[in-house]
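These notes are about the structure you will find just below.
Please read these numbers as outputs of a predicted model, since none were measured by experiment.
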Amino acid sequence: GSASGVDFGGEVELWFDGFLKLRFAMRPQNGEARDVSSLRLKYALKDEAAKYILAPSFKPWRNEAFTGRFGTGRNDLSLLWLTGPEAGLAWWCESRANWSTSGDDVRVDRHGDAVEVEIDIIAKPERLREAASYTMALQATPNKRPDRLYRVRFNARSAKAPANEGDWSSCGWASHSGVSRPDNIRHWTSLVPTHPSGFSDYLKERKASGRDIFVYSMPLHISPLDPPWDMFSGEWLKSPGIRWDFVDETPRRRSHVVPCCGVTGAADWHAANAKKLLATQPLLAGIYYDISSIGDCVNVRHGHGGVDSFGRAYATSTALGMREYF
């Protein structure tokens, strides 16, 4: 479409689990700069699906209204999730690129049996000289019921004595401390068994005793012990990053893992590791993913961060890349 000399275009993807991804851009016609004074997203929900506000943590209603600022600051909203006891809808934006607001730019109002949302993307006049693009998401929630794992006993450290274990256990913890164990993996995010045959025997033993075993992992992390580190770490890493230390088994030395972005080849490499592990260890119940390191990234080597159409620096959320990896 178009409005006042500005063309709009984009695409929408609707995923199998109720996730809707929206990408759109506005571009001045004929390359001529245009003044833009307002750009606003509006939607509404029935009250039964919007009784509670999470942004991302719980926020109380005050006088049937709620306001906040979308962004990455300490007090900003990283998303807006309205929900009832059974269903809800979450909104998220990949960055503040091409936003122009001051103060609160997210408003929620309850009117009888309806709840209306208004999100100001541009609320201050700007000169649009080139295309301004946006990536957003709307996620229907919940996307599935909890599985049986949440209704039985689960032990997160299978290295403990068997008496402490539940019906389900996770292994791979010994890679934190460099202890030689049959359930050890290269490091706790690698999904690569240190002793493949011993790993298989361990699963058989536990299966025979009535226990199902998961491998503990934090998704999309890489270590200097991993083969791609030397060539791809600079391109794959989330910047700024976070570091976790562990002790390697042989030789005993301290090493570390750091998170990567899911929009890079790291996602393909980790997916290949997961596929190989599950194919070669058929008794494994699955992978227990923990601490999905989602944050902002400014590594321009994979398209994150930069300067927007209005000349302001921005950072990009890694949430969408993490979702696409999963």
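Side-chain contact between Phe246 and Ser175: absent, with no pair of heavy atoms (C-beta onward) separated by less than 4.5 Å. At a threshold of 4.5 Å between non-hydrogen side-chain atoms, the residues Trp188 and Trp244 count as touching. In this structure the side chain of Leu82 never reaches within 4.5 angstrom of the side chain of Phe66, judged on heavy atoms. Taking the side chain as every heavy atom from C-beta outward, Met322 and Lys238 never approach each other to under 4.5 Å. Residues Met26 and Leu39 meet the side-chain proximity criterion, which asks for heavy atoms closer than 4.5 Å. Counting heavy atoms from C-beta on, the side chains of Leu220 and Cys261 never come closer than 4.5 Å.
A side chain to side chain contact (heavy atoms under 4.5 Å, CB included) with Ser223 holds for exactly one of Val257, Thr189, Asp248; it is Val257. The side chain to side chain donor-acceptor pair (under 3.5 Å) with Trp173 is formed by just one residue from the set Ser177, Ser170, Ser169; it is Ser170. Screening Arg127, Lys124, Arg129 against Asp35 for a salt bridge (Lys or Arg N to Asp or Glu O under 4.0 Å) leaves a single residue, Arg127.
Both Leu77 and Met136 belong to a common hydrophobic cluster when Ile, Leu, Val, Met, Phe, Trp and Tyr are linked at side-chain heavy-atom distances under 4.5 angstrom. A single hydrophobic cluster is seen to contain both Tyr134 and Val36, as judged by linkage of ILVMFWY side chains at heavy-atom distances under 4.5 Å, directly or through other members.
In terms of modelled atom types and a separation under 3.5 Å, the side chain of Asn98 and the main chain of Ser309 share a donor-acceptor contact. At least one donor-acceptor pair closer than 3.5 Å links the side chain of Arg96 to the backbone N or O of Phe70. Listed for the Asn299 side chain is a donor-acceptor partner under 3.5 Å among the backbone atoms of Gly234. Although no hydrogens or angles enter the test, the distance criterion places a donor-acceptor pair under 3.5 Å between the side chain of His302 and the main chain of Glu235. Judged by distance alone, the side chain of His195 and the main-chain N or O of Ser197 form no donor-acceptor pair under 3.5 Å.
The salt bridge (charged side-chain N to carboxylate O under 4.0 Å, His left out) analysis of residues 185-198, with sequence neighbours excluded, yields the pairs Arg186-Asp226. Within the structure, salt bridge (charged side-chain N to carboxylate O under 4.0 Å, His left out) pairs that include any residue of residues 72-82 comprise Arg69-Asp76 (at least two apart or interchain). Residue pairs meeting the salt bridge (charged side-chain N to carboxylate O under 4.0 Å, His left out) criterion with at least one member in residues 22-32, sequence neighbours excluded: Glu32-Arg34.
When the salt bridge (Lys or Arg N to Asp or Glu O under 4.0 Å) test is applied to Arg254, no partner is found at least two apart in sequence or on another chain. A search for side chain to side chain donor-acceptor pair (under 3.5 Å) contacts involving Gln29 returns Asp7, not counting sequence neighbours. Every residue two or more places apart in sequence or in another chain that forms a salt bridge (Lys or Arg N to Asp or Glu O under 4.0 Å) with Asp212 is listed here: Lys207. Shown here are the salt bridge (Lys or Arg N to Asp or Glu O under 4.0 Å) partners of Arg312, two or more places apart in sequence or in another chain: Glu126. With sequence neighbours left out, the side chain to side chain donor-acceptor pair (under 3.5 Å) criterion links Ser317 to no other residue.
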Can I get a per-line list of side-chain donor-acceptor pairs under 3.5 Å for residues 48-63, giving both atom names and the distance, sequence neighbours left out?
{"residue": "Lys51", "atom": "NZ", "partner": "Asp47", "partner atom": "OD2", "Å": "2.9"}
{"residue": "Trp61", "atom": "NE1", "partner": "Lys51", "partner atom": "O", "Å": "2.9"}

Got a list of side-chain donor-acceptor pairs under 3.5 Å for residues 112-119, not counting sequence neighbours?
{"residue": "Glu118", "atom": "OE1", "partner": "Arg107", "partner atom": "NH2", "Å": "2.8"}

Could you pull out every donor-acceptor pair under 3.5 Å between side chains of residues 274-285 and any protein atom, sequence neighbours left out?
{"residue": "Thr280", "atom": "OG1", "partner": "Lys276", "partner atom": "O", "Å": "2.8"}
{"residue": "Thr280", "atom": "OG1", "partner": "Leu277", "partner atom": "O", "Å": "3.4"}
{"residue": "Gln281", "atom": "OE1", "partner": "Ser200", "partner atom": "OG", "Å": "2.8"}
{"residue": "Gln281", "atom": "NE2", "partner": "Ser200", "partner atom": "OG", "Å": "3.2"}

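To the nearest 0.5 Å, atom CH2 of residue Trp99 and atom CD1 of residue Ile122 are 10.0 Å apart.
With a 4.5 Å cut-off between side-chain heavy atoms of Ile, Leu, Val, Met, Phe, Trp and Tyr, the cluster of Trp236 takes in Ile222, Trp229, Met231, Phe232, Leu237, Val258, Trp269.
Residues Ile213 and Cys171 share a closest heavy-atom pair of CG2-SG, 3.7 Å. In this structure, Met218 and Tyr289 approach most closely via the heavy-atom pair C-CD2, 4.4 Å.
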